[in-house]
Amino acid sequence: MGAFFMSAKLKQAFYRQDVLTLAPALLGKLLCVKMTNGSLQKYAITEVEAYRGEEDLACHAAKGKTERTRIMYAGGGFVYVYLIYGMHWMLNMVSGEEGVPQAVLIRGVEGVNGPGRVGKRMQIDRSFYGEALWHSQRIWIEDAPPVVAYQTSPRINIAYAGAPWVHKQWRFFI
DNA sequence: ACACTGATGAAT
DNA sequence: TTCATCAGTGTT
């Protein structure tokens, strides 16, 4: 076996890291989704945001465990999707240990900026809710060398959360 | 600056 | 069962 990088599906244990560790670790990794026509899309992740626990007032789980947020409590490795503004499907990866609601929002991939556009490009819809990333046949993430040079900023459009959450540098991008 | 769009959770 | 709100995008 040579020294070249073997493409491999990320395992459940990888997603079980704390969201503040996992979010930047997902930069550069390959988001892979099977299209309805059978083709496979692979895009490097370029922009993410971390949503961390019930105490984080910007996180949907701040309202507790509901039918919508229940998957965030299931432990890292599941897909969390939701429809926003009646139009755009947001793609998230659940992170952390079971019982601790956390998720990483995929805000951008190579050549596709904006979480709504990512959802559209990847044909994300309600049916992806709860998909297990480590063994799904239609959505997963493949490993790639870590990105060491990335930037951070406050999260986008969460002013309603107020301090200190609105100031957290929990947006990570290349 | 604003229309679009509908699921969601809180208030009635 | 009504109501305000929303982790956004495209057009004016």
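Letters go in sequence order (proteins before strands), and every chain restarts at 1. Note that the structure is a prediction, hence the values are computed from the model and not measured.
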Q | Whole angstrom value for the distance that separates C1' of dC6(C) from OH of Y82(A) | A | 9 Å
Q.
With a 3.5 Å limit on both atom pairs, tell me what dT2(C) is paired to, counting Watson-Crick and G-U wobble, or say none.
A. dA10(B)
Please list, for nucleotides 10-12 of chain C, all pairs of protein and nucleotide N/O atoms separated by less than 3.5 Å.
unit_1, atom_1, unit_2, atom_2, d
dG10(C), OP2, R117(A), NE, 2.9
dG10(C), OP2, R117(A), NH2, 2.2

Q: Ignoring hydrogens and angles, tell me if any N or O in the side chain of S136(A) forms a donor-acceptor pair with the backbone of L133(A) under 3.5 Å.
A: no
Q: Rounded to the nearest angstrom, tell me the gap between atom CD1 in I158(A) and atom C1' in dT5(C).
A: 15 Å
(Q) Testing M93(A), E131(A), R68(A), M90(A) one by one against Y80(A) for a side chain to side chain contact (heavy atoms under 4.5 Å, CB included), which residue passes? (A) R68(A)
Q) If you draw the axis of the six-membered ring of W140(A), does the NZ or CZ of K9(A) fall within 45° of it and under 6.0 Å from the ring centre? A) yes
(Q) Output one letter per nucleotide in nucleotides 7-12 of chain B: B when a protein non-hydrogen atom lies under 4.0 Å from the base, S when only the sugar-phosphate is that close, - when neither is. (A) -SS---
Q. Rounded to the Å, how far apart are I156(A) CD1 and dT9(C) P?
A. 10 Å
Q) Can you tell me how far C1' of dT9(C) sits from CE of M87(A), to the nearest Å? A) 7 Å
Q: Quickly work out the E49(A) CD to dG8(C) C1' distance and round it to whole Å.
A: 12 Å
(Q) Any side-chain to backbone donor/acceptor pair from R155(A) onto A50(A)? Under 3.5 Å, distance only. (A) yes
Q: Look at the side-chain N and O atoms of Y160(A) and state whether any lies under 4.0 Å from the OP1 or OP2 oxygen of dA7(C).
A: yes
(Q) Around atom CD of E110(A), are there more than 12 heavy atoms from other residues, nucleotides or ligands closer than 6.0 Å? (A) no
Q) Are any of the side-chain nitrogens in R52(A) or D18(A) under 4.0 Å away from the carboxylate oxygens of its partner? A) yes
Q) Under 4.0 Å between a side-chain N or O of H60(A) and OP1 or OP2 of dA7(C)? A) yes
**Q.** Contact under 4.0 Å: N157(A) side-chain N or O vs dG8(C) OP1/OP2
**A.** yes
**Q.** Protein-nucleotide distance (Y85(A), atom OH; dG8(C), atom P), rounded to Å
**A.** 6 Å
Q) Taking the six-membered ring of F173(A), is NZ or CZ of R171(A) closer than 6.0 Å to its centre and within 45° of its axis? A) yes
Q. How about E67(A): does its CD atom have over 12 heavy atoms from other parts shown lying under 6.0 Å from it?
A. no
Q.
Whole angstroms only, please: what is the CG-C1' distance between L57(A) and dA7(C)?
A. 14 Å
Q.
What is the separation between atom CE on M90(A) and atom P on dG8(C), rounded to the nearest whole Å?
A. 6 Å
Q: May I ask you to establish whether R126(A) and Y129(A) are in a cation-pi arrangement, using a distance under 6.0 Å from NZ or CZ to the six-membered ring centre and at most 45° from the ring axis?
A: yes
